[in-house]
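These notes concern the structure reproduced below.
Values below: every heavy atom of this structure, side chains too, minus hydrogens, waters and symmetry copies. Please read these numbers as outputs of a predicted model, since none were measured by experiment. Start at 1 with the first residue, then count along the sequence.
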Amino acid sequence: MATNVYIKLNKIWRVLATGFCFSVFGFGGIVLTLLVLPLQRLFEPCQAKRKQKARLTVHYSFKFFVALMHYTGAIHFSVQDKQKFHDLKGQLVLANHPSLIDVVVLISVIKNADCVVKAHLFKNPFMRGVIKGTGYISNEDPQELLNDCEASLAAGNNLIIFPEGTRTTPGEQLKFKRGAANIAARCKAPITSVLISMKPSTLTKGTPWYCVAATKAHFEMRFATDPFTFNDTFNNEQPAMQARQLTRDLQHYFSEELRHL
């Protein structure tokens, strides 16, 4: 009886803690949009340096948010090899996408992170100012997207991409889209593979934030054991065939690596 009461109280607390954390996240986005980033634009005339400072600001803001979720007991976080994440440079960072906060955790441990965001987020009142200030890449125009990704990687940024394009549906196998493969084929950047696990599943696709798991979720993130390598015949194929084959290779690779989590 006492155990059941504890479980119920713990779940109620995690709902409240999650709501509080996301409220802080939304408020923080407004503060960055209306106060912090405008001040950076005012005192830093160089656009490139403004973008760099904005990304560093987001990095520390997301680090605070992850710590807040961890220490309030909403979710337990475990990130292996944090120094290795910190030292990344000019990498195409590919990761699976089980939860809503995957990109937040990635940016919280990667200082010079860039990422591709959905075009509709540029209209989100909580995020649009931050996205524009940091210069994150829109997926609205495919050709411009490839050009921007190539330029970002050439500048030494770490470009975060989720090959699935959206969050994984719990219980279903990975299904990758060709976007990540097109970027990898075009940019020829070194690939860093990151594996993410959220057990039990929470903040998944189609699930409201307040539908927390029965027990506290554990978010784990680490580098893949074996690095991904291109097929030897990859460069001899036509671009469309390259993208199809690379997408299949990446999907198989991540599916096998995630078996060990």
Between Thr57 and Gln40, a side-chain donor and acceptor under 3.5 Å:
yes
Rounded distance [0.5 Å steps], CG in Leu174 versus OG in Ser255:
4.0 Å
Derivation and outcome, side chain to side chain donor-acceptor pair (under 3.5 Å), residues Asn158 and Asn112
CA-CA 6 Å; Asn158 297 298; Asn112 55 333; 2.8 Å; yes
Between the side chain of Arg178 and the main-chain N/O of Ala243, is any donor-acceptor distance below 3.5 Å?
no
Under 3.5 Å, is there a donor-acceptor pair linking the side chains of Arg14 and Asn10?
yes
Between the side chain of Asp148 and the main-chain N/O of Ile137, is any donor-acceptor distance below 3.5 Å?
no
Ile110 with Phe223, same ILVMFWY side-chain cluster at under 4.5 Å
yes
Under a 4.5 Å side-chain heavy-atom rule over Ile, Leu, Val, Met, Phe, Trp and Tyr, are Leu121 and Phe162 clustered together?
yes
Is Asp102 paired with Arg167 through a side-chain N to carboxylate O contact shorter than 4.0 Å?
no
Nearest 0.5 angstrom please: Ile107 CD1 to Ile160 CD1, how far?
5.0 Å
Ring center gap for Phe176 and Phe254 short of 6.0 angstrom:
yes
Which value, rounded to the nearest 0.5 Å, describes the distance between Arg55 atom CZ and Ser61 atom OG?
14.5 Å
Please work out whether the ring planes of Phe22 and Phe65 are parallel, tilted or perpendicular, with thresholds of 30° and 60°.
tilted
Asp141 (side chain) donor-acceptor with Gln143 (main chain) under 3.5 angstrom:
yes
Return yes if a side-chain donor-acceptor contact under 3.5 Å exists between Thr207 and Thr204, otherwise no.
yes
Would you say Leu16 ends up clustered with Ile7 if hydrophobic residues are merged whenever their side chains have heavy atoms under 4.5 Å apart, either directly or through other cluster members?
no
Just one of Arg50, Lys49, Lys53 clears the side-chain hydrogen bond (donor to acceptor under 3.5 Å, both in side chains) bar with Glu44, so which one?
Lys53
Donor-acceptor pair, Lys63 side chain versus Ser108 backbone, under 3.5 Å?
yes
Hey, could you give me the CG/OG distance between Leu145 and Ser138, rounded to the nearest 0.5 Å?
8.0 Å
Main chain of Phe77, side chain of His70: is a donor-acceptor contact present, judged purely on distance under 3.5 Å?
yes
Are any side-chain N or O atoms of Lys188 and backbone N or O atoms of Ala185, one a donor and one an acceptor, separated by less than 3.5 Å?
yes
Count I, L, V, M, F, W, Y as connected when their side-chain heavy atoms are under 4.5 Å apart, and connections chain through other members. Are Tyr136 and Tyr60 then in the same cluster?
no
Please check: side-chain N/O of Trp13 versus main-chain N/O of Thr72, any donor-acceptor pairing under 3.5 Å?
yes
Donor + acceptor pair across side chains of Gln251, Glu164 (<3.5 Å)
no
